[in-house]
Structure formats: structure tokens, C-alpha cells
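Scroll down for the structure; my scribbles are underneath it.
The first residue in the sequence is number 1, and the count goes up from there. As the structure is a computational prediction, the values presented were derived from the model and not from experiment.
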Amino acid sequence: MTTNSKPITPDEALDPSRALVPSIQQVNEVRVQRGFWPKIRRTAARIPFARQLVSVWYAARDPETPAAAKGVMLGALAYFVLPVDAIPDIFAGIGFTDDAAVITALIATLGAHIKRRHKDQAEAALERLRDV
């Protein structure tokens, strides 16, 4: 992003039709790099879809995953990381239902790009978090 360009809003960064725009993909990647693991550490024990979420993270970081799939994956992960979403995560019981729906839809459409090694890496990472 250049200094003369307009800042990208969260709505723009999460707009599925813009997921593959390089500047949006770059913004999502930075957000995910900064916020993913801190949020997983805080929430993994409370969300039943943690393994799927971490599997998507590993798939998005895999050089063998196609760029188009990575763009959509980063958008979904950015949605999880951002504090602004359809149902705020602070609401007990229902706060993560929108995040779960996004990850479920992502896996339904791009699940072929989430390999066994990504799932194994996710399981190992969550096990390390449980041991801490």
C-alpha cells in the first residue's frame, strides 16, 4: 500500500469479492500474522472448531496452497481475528457462531486444499497449547 492510497476498511478486507485483491490479501495476511495465535491461545479451549481453524492457518501458510485459495483462507482467518464481526465474540455461547459458520463454509469450498499434514500440524499445535 502506498502512502497516497486510501486505508482499507475492515469491511473491504473481509469482502469475499475482494479477497484476491493483492492489497486486501496483504492487509489480511498482516492481521492474521499479528492476531491469530494470541486469539487462539485465549479461545481454543472454548471453541469446538479450533482444530479446523488452525488447519486453515497452516494451509494458508503452505507454499503449495494455490494463491486464490490462500486469499480466501486469509480473509476467513482475518474475520476470526478481527474484534468487529457479526456476533461479537464476548457473548458467551453464541459469540463464535459466526466465526464457525465462516470456517465451515471455507472448508466446504476449499477443503481439498487442507491436507492431512495441515491437520496433523494443527493437532500438534493445539496439544502444545494444552500443555502450557
Show your reasoning for whether side chain to side chain contact (heavy atoms under 4.5 Å, CB included) applies to I107 and F49.
CA-CA 11 Å; I107 291 171; F49 60 97; over 6 Å; no

Residue pair L110, V72: steps toward the side chain to side chain contact (heavy atoms under 4.5 Å, CB included) verdict
CA-CA 9 Å; L110 296 174; V72 176; 3.7 Å; yes

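Under the ring-ring contact (aromatic ring centres under 6.0 Å, His included) criterion, F36 pairs with W57, sequence neighbours left out. Remark: H113 engages no residue in a side-chain hydrogen bond (donor to acceptor under 3.5 Å, both in side chains) (not counting sequence neighbours). For E123, the side-chain hydrogen bond (donor to acceptor under 3.5 Å, both in side chains) partners are R130, not counting sequence neighbours.
Proximity of I47 to L53: side-chain heavy atoms (C-beta onward) are separated by under 4.5 Å at one or more points. Residues D99 and I103 are not in side-chain contact: their nearest non-hydrogen atoms beyond the backbone lie 4.5 Å or more apart. Two residues are said to be in side-chain contact when any heavy atoms from C-beta on lie closer than 4.5 Å; I114 and M73 meet this criterion. Considering only heavy atoms from C-beta on, Q26 stays 4.5 Å or farther from E29 through its side chain.
A distance-only check finds a donor-acceptor pair linking the side chain of K39 to the backbone of F80 [under 3.5 Å]. T65 contributes a side-chain N or O that, together with a main-chain N or O of A59, makes up a donor-acceptor pair within less than 3.5 Å.
R117 has a carboxylate O that lies under 4.0 Å from a charged side-chain N of D62, or vice versa, which qualifies the two as a salt bridge.
Side-chain N/O atoms of D98 and Y79 include a donor and acceptor closer than 3.5 Å.
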